[in-house]
Amino acid sequence: MATKLSVNINKIATLRNSRGGNNPDVLQAAIDCQLFGADGITVHPRPDERHIRYADVRDIKKIITTEFNIEGNPTEDKFVELVLEVKPEQVTLVPDALGQLTSDHGWDTIKQAKYLREIIAVFKSAGIRVSIFVDPVADMVSAAADTGTDRVELYTEAYAKGYKANKETAIAPYIIAAKAAIDNKLGLNAGHDLDRHNLNFFASSIPNLAEVSIGHALIADALYYGLENTIQLFKRQLV
Ligand code: PXP
């Protein structure tokens with residue numbers, strides 16, 4: 001099965017917020033991304049609401065026809081309450097700090113196992129699929145299986161950084177981590193810094209890749225190629 005493309009629309013909210021008002025319209029963008037071929041919409045509401053606002057998440061729920069993926073740190077009660085209210089198809093748990101520019105590390109699934117097990121059970125009992133953000137380290141993936149998560153999302157910044165210098169070297173740890181996911185019957189997602197250049201090699205090297213979520217590079221490309229062309233262009237990298 002082809003890997004699904006979930007479009008992260010946080011950057012559209014960032015542009016809107018920079019001027020006040022409602023231009024660009026985040027809700028319309030979510031509707032259009034789906035129309036243009038996105039298999040899902042991802043949002044990452046942060047407590048300071050500097051990108052996606054909590055109200056956006058509630059509004060998107062009303063128009064979503066594909067998969068809704070909400071990312072965030074469950075140590076924030078407000079985030080847990082929002083996810084349980086909105087009930088997306090998937091919640092992706094990310095251990096980012098307050099005010100952090102963007103996610104920059106995965107969970108330590110060994111040291112934080114107890115905490116993860118408890119919080120994952122909360123989402124799963126509400127019928128929400130859970131994915132947890134992890135570094136591409138086989139031990140972290142294997143230990144994730146004991147937390148009850150359905151999937152792991154491999155943090156791909158290191159791959160994206162290393163891709164130009166040596167793509168074979170850059171992908172190597174991800175192939176090992178992906179195998180650990182198969183061995184432990186975990187679904188596999190990936191995201192962060194994937195772009196139209198590095199995406200095809202990543203997806204074709206990782207056979208069990210269920211979904212990628214892409215924001216920054218896709219929205220930046222949309223300035224040149226338009227949102228519809230860009231989504232199609234990224235989707236073609238996934239077949
Ligand atoms: N996955 C997670 C957990 C993220 O935090 C982000 C950034 O919000 C992404 C994927 C998407 O990364 P990018 O914007 O670089 O495509």
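Every number for a ligand or one of its atoms is a count from 1 in the order of the listing.
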Would you mind running through ligand 1 and noting each atom that sits below 4.0 Å from a heavy atom of [X]?
X: H44; answer: 5 (O), 8 (O)
X: N8; answer: 8 (O)
X: V94; answer: 3 (C)
X: I214; answer: 16 (O)
X: E153; answer: 1 (N), 2 (C), 3 (C), 10 (C)

Counting only heavy atoms not in K61, do more than 12 fall under 6.0 Å of its NZ?
yes
Tell me whether the count of non-hydrogen atoms from other residues, nucleotides or ligands lying under 6.0 Å of NZ in K78 goes above 12.
yes
[X] near ligand 1, heavy-atom distance under 4.0 Å?
X: L194; answer: no
X: S213; answer: yes
X: N10; answer: no

Backbone or side chain, does any N or O of T92 fall under 3.5 Å from an N or O of ligand 1?
no
Ligand 1 N/O within reach of D193 N/O, cut-off under 3.5 Å:
yes
How does [X] reach ligand 1, by side chain, by backbone, by both or by neither, if only non-hydrogen atoms under 4.0 Å count?
X: H216; answer: both
X: H192; answer: both
X: K11; answer: neither

Would you please say whether a donor-acceptor pair under 3.5 Å links the side chains of [X] and [Y]?
X: Q90; Y: N189; value: yes
X: H216; Y: N8; value: no
X: D193; Y: T156; value: no

Applying side chain to side chain donor-acceptor pair (under 3.5 Å) between H44 and each of D96, N69, N10, report the one that passes.
D96
Ring-plane angle category for Y174 and F202, please: parallel below 30°, perpendicular beyond 60°, tilted otherwise.
perpendicular
Apply side chain to side chain contact (heavy atoms under 4.5 Å, CB included) to the pair I60 and I9, showing each step before the final yes or no.
CA-CA 11 Å; I60 293 167; I9 59 170; 3.8 Å; yes
Is the closest side-chain heavy-atom distance between R129 and R151 below 4.5 Å?
yes
